[in-house]
Amino acid sequence: QSDQLVAWNNLNLYLEMEKQLDVKIPWYTSSPKFSLAELNTKAEGSSPVLRRQRILLEQRDHELQLSRMEGWPGVTLSAEYSNGSGASPEKNYGLGLSFPIPILNGNRGNIQSANALKSADEARLAWAKRKLDSTLKSAFEHYQAASETLTILSPDKVSAQERDMREID
């Protein structure tokens, strides 16, 4: 109470009021009730980190599908025609097929790489979900503890404690 009086006197130097103000604040008696499962659902739906990871995972899935579609090496078909001139002109027709030597490769290297990238992104998404869940659970537990504290400290008890503190000062 003496600290309160000193603070009031310091403030009153500028306010020049005749008596000390009696400030009454309505006591916050109850808090809204939430369920952790409901909060988890909302957080997972609106988290930008999870949204980004889901988009990356979808991108990796498309890259894997593309790698699987490119299973055959680049086969090239070509045609040729030449018309000679001179005493005995020749006409040449040709058809060619060319392909790289490792024809049975099947693009396995790119498919394995795309699989590895996809599984890494799946692991990152699972980690981001676990991190969000643990952060949300911790915040929810703090909220519940604060709500219980408010329930324990009813306005009657607080006013009785304030009266006791005034008597001590």
Side-chain angles (χ1 to χ4, degrees), residues 7 23-159 161-162:
V23 178
K24 295 289 182 190
I25 301 172
W27 186 254
Y28 185 75
T29 56
S30 67
S31 58
K33 302 296 179 204
F34 296 107
S35 93
L36 185 58
E38 178 185 320
L39 291 175
N40 252 342
T41 304
K42 285 183 181 179
E44 283 187 12
S46 63
S47 170
V49 173
L50 291 182
R51 189 176 305 138
R52 178 182 175 271
Q53 279 305 123
R54 285 187 190 111
I55 290 170
L56 282 175
L57 188 60
E58 187 178 330
Q59 178 184 349
R60 297 294 186 208
D61 192 37
H62 291 304
E63 288 174 0
L64 178 61
Q65 288 175 359
L66 180 64
S67 294
R68 286 184 177 146
M69 290 175 153
E70 295 175 340
W72 292 98
V75 177
T76 307
L77 181 64
S78 59
E80 178 187 0
Y81 170 75
S82 65
N83 189 7
S85 61
S88 60
E90 281 184 9
K91 291 184 178 180
N92 293 327
Y93 301 95
L95 190 61
L97 181 66
S98 64
F99 50 87
I101 296 295
I103 190 166
L104 301 176
N105 182 14
N107 201 19
R108 282 178 287 187
N110 287 344
I111 292 173
Q112 289 173 351
S113 173
N115 268 329
L117 288 172
K118 183 180 175 187
S119 64
D121 279 339
E122 287 171 346
R124 282 190 202 104
L125 178 62
W127 177 82
K129 281 183 182 179
R130 285 192 308 272
K131 182 179 178 187
L132 178 68
D133 288 345
S134 68
T135 303
L136 192 60
K137 186 176 180 182
S138 174
F140 185 72
E141 289 171 355
H142 281 95
Y143 176 77
Q144 281 184 321
S147 296
E148 288 175 15
T149 302
L150 284 176
T151 305
I152 292 169
L153 296 175
S154 68
D156 299 332
K157 290 180 182 176
V158 171
S159 60
Q161 288 175 354
E162 286 177 350

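Bear in mind that the values here come from a model prediction, so they are computed numbers and not experimental data.
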Under a 4.5 Å cut-off applied to non-hydrogen side-chain atoms, are Glu122 and Asp61 in contact? no
Are Leu64 and Ile111 close enough that some pair of their side-chain heavy atoms sits under 4.5 Å apart? yes
Using modelled atom types only, decide if a donor and an acceptor are shared between the side chain of Ser138 and the backbone of Ser134 within a distance under 3.5 Å. no
Determine whether the side chains of Gln59 and Glu63 contain a donor N or O and an acceptor N or O closer than 3.5 Å. yes
Applying salt bridge (Lys or Arg N to Asp or Glu O under 4.0 Å) to Glu58 and Arg54, what does each step give before you reach the verdict? CA-CA 6 Å; Glu58 187 178 330; Arg54 285 187 190 111; over 6 Å; no
Are there over 12 heavy-atom neighbours, none belonging to Glu90, within less than 6.0 Å of that residue's CD? no
Please round to the nearest 0.5 Å and tell me the distance separating atom CG of Leu136 and atom CD of Glu44. 9.0 Å
Does Val49 form a side chain to side chain contact (heavy atoms under 4.5 Å, CB included) with Arg52? I'd like the steps, not just the answer. CA-CA 5 Å; Val49 173; Arg52 178 182 175 271; 5.9 Å; no
Electrostatic pair Asp121-Lys118, nearest N-O below 4.0 angstrom: no
Close side-chain approach of Gln112 and Asn115, heavy atoms under 4.5 Å: no
Atom CD1 in Ile55, atom CG in Leu50: separation rounded to 0.5 Å? 11.0 Å
Exercise: identify the closest heavy-atom pair between Leu132 and Ser47: CD2-CB, 4.3 Å
Does some side-chain heavy atom of Asn40 sit less than 4.5 Å from a side-chain heavy atom of Lys137? no
